[in-house]
Amino acid sequence: MGLYFHHPASLLHDTGPHPENAGRIRAIEAVLEDAGWPGLERAEPPRAEREWLTRVHGAALVDAIEELCAAGGGAIDFDTVVVEASWEASLRAAGAAAEGARLLLEGAHGFVFCGLRPPGHHAESNRAMGFCLFNNAAVGAAHALAACGAERVLILDWDVHHGNGTAEIFDRRADVLYVSIHQSPLYPGTGAAGDFGSGPGDGMTLNLPVPPGAGGEEFRGMIEHVVAPAARSWRPDLLIISAGYDAHAGDPLANCVVEDHDYAAMTAAMRELGSEIGAPILVCLEGGYDPAALARSVLITVEELVGGPPPPSVSAVPVVADAVARVSAHERWRSAF
Ligand SMILES: [Zn+2]
């Protein structure tokens, strides 16, 4: 059985006419309801405690968001807005990731899916941006490491945008492997293939950019040929998926062509990997702006996490082969491939 976290506060984070809106959650929950919430127990997550947030965010950012919400809301940047209820929504979204990590590391569930908003992966340590307030996946990873006994956490970010926030937060950390598959060029412009992290974190950031028009072969290939070998070598205790669904062919904000069945195969590959290395899977919802495609893809993700046959192997297309060559040439990963 899996656990699905959701909370009504996600519906009250009112962004107005905006692609990242409450309709996304309504669409997902309607599709899951129709499917009978397959293999899922549902629960409401706790609010993130301040200490959970300040492991990855500056206290000034936490205070600023709280104050802006308490004052009735406003714009943080061109495309990131809050209302009063956004505070509660952001605490529940971050709290779900942290609590999900805790439950998984206690062995309480097979997987946890955090179906909340706002999303998180663009939120940096000291800056909210790109529809994101707090970095939910980062809060979950930091909680796993600081409070739940994990020693190594792998975050796979398959949202079509680079997770600049997660990358920045863990840039120098040796205990978080951040892997991002993202379209390039695209917002926010970070995530260059040659950026491997800094200092003690050198080699612990793997950027896997793909060109506009990339689809299942590229996304699935990156998981099979880069993420899986790296994880088998490094043996993380927890796998976190920053699961955006905006690489979907139907998505209006990007130009990739991932299909429903590709998300099934990507999820199945991560399920098999987690099972092989003994690491449970925490999924944090990120982007995905075609509500119908998003909702179907979330259902598919949940169904595949519950179980299924191993995914068929895919050959390494050139952009994947290039990534394998680049990563395996890094000193950190020479023996992993
Ligand atoms: Zn995105």
Side-chain angles (χ1 to χ4, degrees), residues 10 13 15 18-25 27-28 76-81 89-90 93-94 97 113-124 127-140 155-169 178-192 205-216 218-219 222-223 240-260 262-263 266-267 270 283-298 300-301:
S10 288
H13 168 50
T15 48
H18 191 291
E20 201 295 289
N21 59 61
R24 301 176 62 232
I25 301 293
I28 290 169
I76 289 175
D77 70 15
F78 177 72
D79 54 17
T80 312
V81 296
S90 64
F113 193 106
C114 301
L116 298 100
R117 58 185 283 277
H121 73 151
H122 293 305
E124 299 181 348
R127 178 166 63 155
M129 60 177 276
F131 318 166
C132 301
L133 302 180
F134 299 129
N135 194 316
N136 308 317
V139 169
I155 302 174
L156 168 62
D157 187 335
W158 74 38
D159 187 283
V160 78
H161 302 96
H162 178 242
N164 59 292
T166 318
E168 183 263 346
I169 287 167
Y178 177 66
V179 188
S180 175
I181 310 171
H182 50 273
Q183 179 184 320
S184 177
L186 189 66
Y187 178 90
T190 48
T205 296
L206 300 180
N207 286 320
L208 310 174
V210 296
E218 288 83 0
F219 278 73
M222 291 296 191
I223 293 175
I240 298 180
I241 303 176
S242 256
Y245 295 92
D246 40 11
H248 197 285
D251 197 275
L253 294 199
N255 316 99
C256 285
V257 295
V258 174
E259 299 283 356
D260 293 16
D262 297 314
Y263 283 116
M266 290 155 63
T267 306
M270 292 302 289
V283 185
C284 296
L285 181 64
E286 302 285 1
Y289 305 102
D290 173 347
L294 168 66
R296 288 196 315 271
S297 301
V298 169
I300 284 165
T301 297

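In what follows, every heavy atom counts, from backbone to side chain, and hydrogens, waters and symmetry copies are set aside. All ligand and atom numbering here is 1-based and tracks the order in the structure. This chain uses plain numbering: 1 for the first residue, then up along the sequence.
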Colleague: Which is it for Glu286 and Ser242 under the side-chain hydrogen bond (donor to acceptor under 3.5 Å, both in side chains) test, yes or no, and what are the steps along the way?
Modeller: CA-CA 6 Å; Glu286 302 285 1; Ser242 256; 2.7 Å; yes
Colleague: What is the distance from atom CD1 of Ile240 to atom CD1 of Ile155, rounded to the nearest 0.5 Å?
Modeller: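 Reported to 0.5 Å precision, the distance equals 5.0 Å.
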Colleague: Tell me which N, O or S atom from Asp159 is the closest to the Zn ion (ligand 1).
Modeller: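 Closest to the Zn ion (ligand 1) among those atoms: OD1.
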Colleague: Give the name of the N/O/S atom in Asp246 that lies closest to the Zn ion (ligand 1).
Modeller: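 It is OD2, the N, O or S atom of Asp246 closest to the Zn ion (ligand 1).
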Colleague: Could you label the plane-to-plane angle of the Tyr263 and His248 rings as parallel, tilted or perpendicular, counting under 30° as parallel and over 60° as perpendicular?
Modeller: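 Aromatic pair Tyr263/His248 classed parallel.
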Colleague: Roughly how far apart are His18 NE2 and Phe131 CZ, rounded to 0.5 Å?
Modeller: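 Output value for this atom pair is 4.5 Å.
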Colleague: Regarding His161, does it place an N, O or S atom less than 2.8 Å from the Zn ion (ligand 1)?
Modeller: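 His161 does place an N, O or S atom closer than 2.8 Å to the Zn ion (ligand 1).
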Colleague: Would one find an N, O or S atom of Glu286, in either backbone or side chain, under 2.8 Å from the Zn ion (ligand 1)?
Modeller: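 Short answer: no, not a single N, O or S atom is under the cut-off.
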